[in-house]
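See below for the structure under consideration.
Everything numeric here is computed off the predicted structure, so don't read it as measured data. Note on naming: letters A, B, ... go to the chains in the order of the sequence lines (proteins, then strands), and numbering restarts at 1 for each one. Values below: every heavy atom of this structure, side chains too, minus hydrogens, waters and symmetry copies.
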2 protein chains.
Amino acid sequence: MAGWEDIRAEVLSRIRSKAWPLGTLIPGEEALAQEFGVARATVNRALSELARSGVLERKRKAGTRVAALPVRKATLDIPVIRAEVEARGAVYGLRLLRCEMDAPPLPVQARLGQDLGQMLHIETLHLASGRGFVVEDRWLNPAILPNPLPDFAAISANEWLVAHVSFASGDISFAAEAASNSAAAALGIPQGSAVFVTERCTWAPDAPITWVRLVHAPGYRLSTVL
Amino acid sequence: MAGWEDIRAEVLSRIRSKAWPLGTLIPGEEALAQEFGVARATVNRALSELARSGVLERKRKAGTRVAALPVRKATLDIPVIRAEVEARGAVYGLRLLRCEMDAPPLPVQARLGQDLGQMLHIETLHLASGRGFVVEDRWLNPAILPNPLPDFAAISANEWLVAHVSFASGDISFAAEAASNSAAAALGIPQGSAVFVTERCTWAPDAPITWVRLVHAPGYRLSTVL
DNA sequence: CTTTGGTTTATGTGCAGACATAATAGCGTT
DNA sequence: AACGCTATTATGTCTGCACATAAACCAAAG
């Protein structure tokens, strides 16, 4: 019995054994379906998965070819911070450092693509079993926030947002930086330590929602399987 | 005409509008298919995509529910370094710093899960328009390498491997660290600078292939859309 | 020679029906 | 009450067919 996963495995092994070298045009779905004795839809499913993972490149009419420079596609899980802390077996806690209206700095305005005037600025220290885990520096567009606003000292902005504000698109980026004075102080680490920084920007269909910067405590690793 | 993307959009909007709150069990595929006037397969496709992106959780018999704590899933592309450099409009170059058999340090042995004895140790400096871009520190399992080995001063181990060695599984992780003496020297940056580090470990079906550590020059960002 | 437009063709997606599988819920037994 | 078996049920997948669509190719027109 040949399922789509079997087809995928067989195709993969042909690629890896160089029966179908990099860049080759492989047989069409119809031909493969006949060869494997399955329906074309099954072959389609298998090839689509392989294309999604970057092993194949497919174009209508042009056919399917083995990717010349395979680009591995890894999927990262971006959990809510509380879940991340609890997944490590630690007790989650948070401390609200700041929550006020303010004018965002220029880089933030630039990333949001427009000047929204005053925004809600929230800084939160997330704790794992009492130790600083990550500092969250967030700017929120007040115009799109549903009411009532919660007590951000009790529920993190991070978590409240995913539950109460729909988002349409966004981007995320990761970098290494030297810890700033304030972040280092909040995390209790030497100023200038190498820290892992996540920056995220999310948008509702028509307006920006939030820009957030997470400064992780030293030792943080982001990992996934390939 | 309702395609699976329309169904996906409609389901998403119901979730975001709280018509189906977080954690809710949503109607079965059959019911939705009837409501939308499409085949069950079409609903299945839409719901499967949403589950893949972390918005829904599906279990046989248990039904489909809106994820209680939405875990965003972001897909990152892991290109070959040369492609990454060229995508930035820079000219790619490489310099082989070391290529010799040696005993890997304990942490590497640990990550590979076994002591393989002597391994091939390759250090490469990748250049973008003449400037240091990333230092690659790689340990290769000599037992699984196909012959002949190329001239690693002409083609990077990175690139040669994806083209010549099949891989079955692997993991990847990212962290921020202070630059070591040797890495800082190779990249021409102050020792102790915050650098973005990628560590990857790949396996053939039955034996380890390689462990690699990439130290990126300051300013490197890894980004993707959500 | 270049451009335009139709034809061909491989993939993308749809439908209806069927069986497979996993996991729950309920039943009965000990 | 605890355990294990079975029936139920929602999702997962396959088949075979159909039509839609994008893109390459080729031929005709300018």
Side-chain angles (χ1 to χ4, degrees), chain A residues 1-15 19-71 73 75, chain B residues 1-15 19-71 73 75:
Chain A
M1 188 63 32
W4 69 267
E5 296 195 89
D6 300 295
I7 308 292
R8 180 182 61 180
E10 172 60 22
V11 170
L12 247 186
S13 93
R14 288 191 188 182
I15 292 170
W20 292 339
L22 299 188
T24 313
L25 194 65
I26 75 173
E29 297 187 346
E30 199 65 60
L32 290 175
Q34 195 162 355
E35 178 190 342
F36 293 129
V38 300
R40 190 174 74 92
T42 307
V43 173
N44 183 290
R45 176 77 191 266
L47 297 187
S48 298
E49 292 287 331
L50 287 170
R52 189 199 296 271
S53 62
V55 176
L56 295 177
E57 286 168 359
R58 322 194 69 196
K59 270 199 324 208
R60 279 181 163 138
K61 158 69 183 176
T64 302
R65 57 181 61 244
V66 181
L69 274 193
V71 174
K73 292 199 161 75
T75 47
Chain B
M1 187 66 22
W4 69 267
E5 298 197 80
D6 300 295
I7 308 291
R8 179 182 62 181
E10 172 60 22
V11 169
L12 247 186
S13 92
R14 289 191 187 182
I15 292 170
W20 292 339
L22 299 188
T24 312
L25 194 64
I26 75 174
E29 298 186 345
E30 199 66 61
L32 290 176
Q34 196 162 355
E35 177 190 343
F36 294 128
V38 300
R40 191 173 75 92
T42 307
V43 173
N44 183 291
R45 176 79 191 265
L47 298 187
S48 298
E49 292 288 330
L50 287 169
R52 189 200 297 273
S53 62
V55 176
L56 295 177
E57 286 169 358
R58 322 192 70 195
K59 272 200 322 209
R60 280 182 162 138
K61 158 70 183 176
T64 301
R65 57 181 61 244
V66 182
L69 276 193
V71 175
K73 295 204 160 93
T75 46

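Note that the CD atom of B/Glu49 and the CD1 atom of B/Ile7 stand 13.0 Å from one another [nearest 0.5 Å]. To the nearest 0.5 Å, atoms CD (B/Glu10) and CD (B/Glu35) are separated by 7.5 Å. Between the CD1 atom in A/Ile15 and the CG atom in A/Leu56 there is a gap of 4.5 Å [rounded to 0.5 Å].
Put simply, A/Thr64 has a side-chain N or O that comes within less than 4.0 Å of OP1 or OP2 on C/dT11. In terms of phosphate contacts, A/Arg58 brings a side-chain nitrogen or oxygen within less than 4.0 Å of OP1 or OP2 of C/dG12. Of the side-chain N and O atoms in A/Asn44, none sit less than 4.0 angstrom from OP1 or OP2 of C/dT13. The shortest distance between the side-chain N/O atoms of A/Thr42 and the OP1/OP2 oxygens of D/dT15 is below 4.0 Å.
For B/Arg40, the side-chain atoms get nearest to D/dT11 when compared with the rest of D/dT11, D/dA24, D/dT15. Comparing atom distances between the A/Arg60 side chain and each of D/dT15, D/dT21, D/dT13 picks out D/dT21 as nearest. Of the candidates D/dG12, D/dT9, D/dT15, D/dT9 carries the atom nearest the B/Lys61 side chain, counting heavy atoms from C-beta on. The side chain of A/Glu29 has C/dT11 as its nearest neighbour among C/dT11, C/dG14, D/dA24.
The CG atom of A/Leu32 sits 14 Å away from the P atom of D/dT15 (whole-angstrom rounding). Between B/Gln34 atom CD and D/dA10 atom P the separation is 13 Å, expressed in whole Å. Counting to the nearest Å, the C1' atom of D/dC14 and the CG atom of A/Asp6 are 12 Å from each other. When the P atom of C/dC15 is taken as reference, atom CH2 of B/Trp4 falls 14 Å away, rounded to whole Å. Atom-to-atom, CG of B/Leu56 to C1' of D/dG12 comes out at 16 Å; the value is rounded to the nearest Å. Look at NZ on A/Lys59: it is 18 Å from P on C/dT9, rounded to the nearest Å. The separation between A/Leu25 atom CG and C/dT9 atom P is 15 Å, rounded to whole Å. Distance, A/Glu30 CD to D/dT15 P: 12 Å, rounded to whole Å.
Contact detail for A/Leu47 and A/Glu29: the closest heavy-atom pair is CD1-CG, 4.1 Å. The heavy-atom pair separating A/Glu57 from A/Ala67 by the smallest distance is OE2-CB, 3.9 Å.
When heavy atoms are screened at a 4.0 angstrom cut-off, B/Ala41 is found touching no nucleic acid atom at all. If you check every strand for non-hydrogen atoms under 4.0 Å, B/Arg45 touches sugar and phosphate atoms only.
Each of B/Gly28 and A/Glu5 lies near DNA chain D, and the nucleotide nearest B/Gly28 is the one positioned closer to the 5' end.
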